[in-house]
Amino acid sequence: MATKIQAVKGTREFYPEQMALRNFINDKVRAASESFGYTEWDAPFIEPIALYAAKSGEELVKKQSFVFTDRGGDEVTLRPELTPSLARMIAAKQGELTFPVRWWSFGPFWRYEQPQKGRAREFFQWNIDLLGADSSEADAELIAVAATFLRSVGLDPARAAIFVNDRRLMISQFDALSIPPEKRIEVSNLVDRRSKMEESKWDASALELGLTQSQLDGLKSILGNYDLWKESAELVRLFAALDVLGVKEYVKFDPNIVRGLLYYTGTVFEAFDVSGSVRRAILGGGRYDNLLADVGGQPLPAVGFAMGDVVIGIILQEAGLVPEFSPSPASVLVTVFDDSLRLQSLALTTELRRAGINAMVYPEPAKLPKQFKFADKMKMKVAVTIGPDEAANGQVAVKSLRTGEQVIVTREAAVGTIQKILA
RNA sequence: GCGGCUGUAGCUCAAUGGCAGAGCGCCACACUGUGGAUGUGGAUGUUGUGGGUUCGAAACCCAUCAGCCGCCCCA
């Protein structure tokens with residue numbers, strides 16, 4: 001008995017309809033990236049686990065990686081993120097690359113997580129980074145790329161928004177409250193969780209962390225102050241740049257955005273669907289000026305972000321923004337009337353292909369209703385028939401499946417007639 | 001890794017311990033040279049999987065797998 005082997009937990013099978021969505025996202029990602037002058041690149045899909053041990057955080061390495069020992073005895077993992085590979089590849093050619101470097105990538109990643117809506121163990125991720133510039137305008141450019149993508153897929157500012165903050169600003173505010181430097185990470189993590197917790201519980205956690213009541217009050221007033229960006233020279237410059245980049249309506253300052261990753265040093269941002277059912281970030285990123293030096297390269301400022309395909313895919317489907325799926329890339333079906341005429345149908349199909357038309361021929365003689373039903377289900381636009389009458393007169397029957405109109409034309413005029421219908 | 005909910009026809013779901021069903025879809029025919037509409041007929045299945053309780057289990061119990069929700073983490 002054949003045993004059914006299931007797909008691995010947390011993976012997705014891409015039937016043609018899902019593949020079309022993946023390609024749609026990929027196409028828009030490419031267009032947004034290239035419109036700002038970014039070049040496509042990629043890294044290996046398997047990497048030494050040690051690559052992530054340095055900077056990615058224990059959670060990611062110990063609990064969320066697909067680790068295994070290869071036949072040579074080396075510990076390797078399916079890549080859980082791209083940035084460490086980027087840092088290595090940049091560092092290796094730091095002397096010969098032309099900076100600033102603008103690179104983007106769209107490829108598969110794996111994380112051993114509990115799968116649920118918006119989260120899979122195997123997913124595709126867009127990464128885009130600008131290395132070698134530390135200006136607010138560089139930060140603004142990445143945010144503008146993100147906004148350009150959101151706009152290009154049809155998500156308007158009422159539906160999707162990018163929230164921005166700056167870690168430098170938050171640190172100066174923490175300092176003003178006399179929050180000790182060693183508590184910054186814990187306080188940041190607490191800020192990160194605030195939107196998911198009840199206020200009283202959140203207050204209690206803050207006090208448990210060792211904050212005084214007046215520090216807590218001060219922190220809450222910071223997190224409620226949406227004009228705080230005016231105190232940051234960097235953010236003032238950033239918003240001025242976003243204005244002339246034409247994406248200001250997508251971007252809002254939010255002091256509650258801090259992001260979990262350790263390596264961010266300045267601007268941080270996250271995009272959310274503000275009206276749908278998915279409560280997860282669409283994309284997230286920021287400035288990470290220390291990473292290159294941390295992996296052994298020369299110090300190099302950098303800014304970038306990443307977007308997974310799962311959340312954006314759900315949002316696009318919910319919003320009805322996915323283009324209608326076309327079951328076949330062929331727009332023309334050539335029917336096969338009977339056994340004696342099948343070669344004529346094959347020959348005509350070949351002619352259509354040589355004229356640049358995607359065309360398929362029914363693979364065997366069958367009742368015409370069956371063949372027409374097939375063409376209809378495949379959403380093809382034209383059905384062509386060569387029956388005994390047409391064959392005897394050197395003609396073909398060309399039917400537009402959209403209008404239902406059929407014309408009999410000479411064999412020589414067939415290609416031109418079909419081209420006219422498809423135009 | 002932890003806690004909860006769910007799993008029945010291709011899909012959406014019904015059947016609360018007593019013969020496993022409906023709608024949609026699918027196939028055939030009406031229609032031997034033409035799709036969408038309509039009508040008539042037909043097939044759906046190891047009730048996720050394995051065990052247990054019971055005269056009898058889709059239902060109750062245990063285990064396991066998967067999906068979903070939450071925690072953790074994050075794209």
Side-chain angles (χ1 to χ4, degrees), chain A residues 1 3-13 15 25 29 56-65 79-83 106-128 146 189 192-193 196-197 201 258-262 264 269-273 277-286 304-315 333-338 341 362 365-391 396-406 408:
Chain A
M1 276 299 281
T3 316
K4 273 186 196 164
I5 307 292
Q6 290 182 315
V8 171
K9 178 174 180 166
T11 61
R12 293 164 296 158
E13 299 181 299
Y15 288 87
I25 294 169
V29 158
S56 298
E58 209 168 304
E59 175 81 18
L60 196 63
V61 177
K62 292 230 169 89
K63 293 169 77 178
Q64 296 194 349
S65 288
R79 61 183 188 181
E81 60 164 333
L82 191 62
T83 308
F106 185 80
F109 294 85
W110 295 264
R111 286 189 192 172
Y112 200 83
E113 282 192 287
Q114 203 55 250
Q116 48 190 274
K117 192 176 186 183
R119 205 97 313 186
R121 286 186 175 178
E122 179 178 67
F123 56 96
F124 288 79
Q125 191 176 80
W126 175 26
N127 283 265
I128 181 162
N189 284 341
D192 207 26
R193 261 176 294 161
K196 296 190 211 167
M197 289 173 75
K201 279 191 177 173
V258 293
R259 297 188 55 70
L261 285 177
L262 300 177
Y264 291 114
F269 56 93
E270 286 181 349
F272 286 92
D273 174 8
S277 72
V278 189
R279 286 277 151 262
R280 298 174 184 280
I282 298 171
L283 58 88
F305 70 83
M307 178 187 81
D309 72 308
V310 185
V311 169
I312 189 71
I314 292 169
I315 290 167
L333 175 76
V334 180
T335 63
V336 175
F337 190 88
D338 62 27
L341 291 162
Y362 207 81
K367 288 180 180 173
L368 284 181
K370 189 171 180 176
Q371 299 189 49
F372 272 77
K373 269 182 192 168
F374 175 78
D376 189 48
K377 285 202 175 139
M378 290 289 127
K379 298 210 168 105
M380 292 194 273
K381 295 181 176 61
V382 173
V384 185
T385 305
I386 305 177
D389 297 346
E390 289 82 9
V396 302
V398 177
K399 182 169 185 178
S400 163
L401 294 176
R402 201 171 338 190
T403 65
E405 197 181 333
Q406 177 165 287
I408 310 284

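Order of the sequence lines fixes the chain letters, A, B, ..., with proteins taken first and strands second; residue numbering starts at 1 for each chain. The structure presented is a predicted model; accordingly, all values stated were derived computationally and were not measured.
Proximity of A/Thr385 to A/Phe372: side-chain heavy atoms (C-beta onward) are separated by under 4.5 Å at one or more points. Inter-residue side-chain proximity for A/Arg12 and A/Asp309 is flagged as met; some heavy-atom pair is nearer than 4.5 Å. Looking at A/Arg402 and A/Lys379, their side chains never come closer than 4.5 Å, going by heavy atoms from C-beta outward. Taking the side chain as every heavy atom from C-beta outward, A/Asn127 and A/Phe109 approach each other to under 4.5 Å. Between A/Arg121 and A/Tyr112 the shortest side-chain heavy-atom distance falls below 4.5 Å. Contact of the A/Val310 side chain with the A/Arg280 side chain is not registered, since no non-hydrogen atoms from C-beta on lie closer than 4.5 Å. Residues A/Glu390 and A/Leu341 fail the side-chain proximity criterion, which asks for heavy atoms closer than 4.5 Å. Residues A/Tyr264 and A/Val258 form no side-chain contact, since every pair of their non-hydrogen atoms from C-beta on lies 4.5 Å or further apart.
A/Glu122 has its CD atom 17 Å from the C1' atom of B/G67, to the nearest Å. For the pair A/Lys379 NZ and B/G36 C1', the interatomic distance rounds to 12 Å; values are reported in whole Å. In this structure, A/Leu341 atom CG and B/U32 atom P are separated by 18 Å, rounded to whole Å. When rounded to the nearest whole Å, the span between CZ of A/Phe372 and C1' of B/U34 equals 4 Å. Distance A/Gln116 CD to B/G67 C1': 11 Å, rounded to the nearest Å. For the pair A/Gln371 CD and B/U34 P, the computed distance is 12 Å after rounding to whole Å. One can place OH of A/Tyr112 at 5 Å from P of B/G1, the figure rounded to the nearest angstrom.
The side chain of A/Asp389 lies closest to B/G33 when the candidates are B/G33, B/C27, B/A75. Comparing B/G1, B/G36, B/A75 by their nearest atom to the side chain of A/Tyr264 picks out B/A75. When distances are taken from the side chain of A/Thr385 to each of B/A75, B/C73, B/U34, the shortest belongs to B/U34. Out of B/G35, B/G1, B/G33, the shortest distance to the side chain of A/Gln114 is found at B/G1. Distance from the side chain of A/Arg193 is smallest to B/C72 among B/C72, B/G70, B/G33. Listed candidates were B/G36, B/A75, B/U34. Nearest to the side chain of A/Ala306 is B/A75. Comparing B/G35, B/G33, B/C69 by their closest approach to the side chain of A/Lys399 singles out B/G35. Considering only the side chain of A/Pro115, B/G67 comes nearest among B/G67, B/C72, B/U34.
Residue side chain A/Glu113 reaches the base of B/A75 through a donor-acceptor N/O pair under 3.5 Å, judged by distance alone. Side-chain atoms of A/Arg280 stay outside donor-acceptor range of the base of B/A75, with no qualifying N/O pair under 3.5 Å. One donor-acceptor pair, N or O on each side, does fall under 3.5 Å between the base of B/G33 and the side chain of A/Glu390.
Backbone-only contact: A/Gly10 has heavy atoms under 4.0 Å from sugar-phosphate atoms and none from a base. Among the heavy atoms of the strands, none lies under 4.0 Å from A/Thr11. Using a 4.0 Å heavy-atom criterion, one finds that A/Ile312 contacts no nucleic acid atom at all.
Panel note: side chain A/Gln125, backbone A/Glu81; no donor-acceptor pair is recorded below 3.5 Å. When atom types are taken as modelled, the side chain of A/Arg111 and the backbone of A/Pro80 share a donor-acceptor pair closer than 3.5 angstrom.
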Can you check nucleotides 63-65 of chain B for protein contacts, nitrogen or oxygen pairs under 3.5 Å, and list what you find?
unit_1, atom_1, unit_2, atom_2, d
B/C65, O2', A/Gln6, OE1, 2.7

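Between A/Lys370 and B/U34 there is no side-chain polar atom (N or O) within less than 4.0 angstrom of OP1 or OP2.
Using a 30° and 60° split on the angle between ring planes, A/Phe305 and A/Phe269 fall in the perpendicular class, above 60°.
The separation of B/A58 from B/C26, taken at their C1' atoms, amounts to 25 Å, rounded to a whole angstrom.
In RNA chain B, the stems built from three or more successive Watson-Crick or G-U pairs (distances below 3.5 Å) are B:1-7 with B:65-71, B:10-13 with B:21-24, B:26-30 with B:38-42, B:48-52 with B:60-64.
Between A/Asp309 and A/Lys367, it is A/Lys367 whose nearest contact on RNA chain B lies nearer the 5' terminus.
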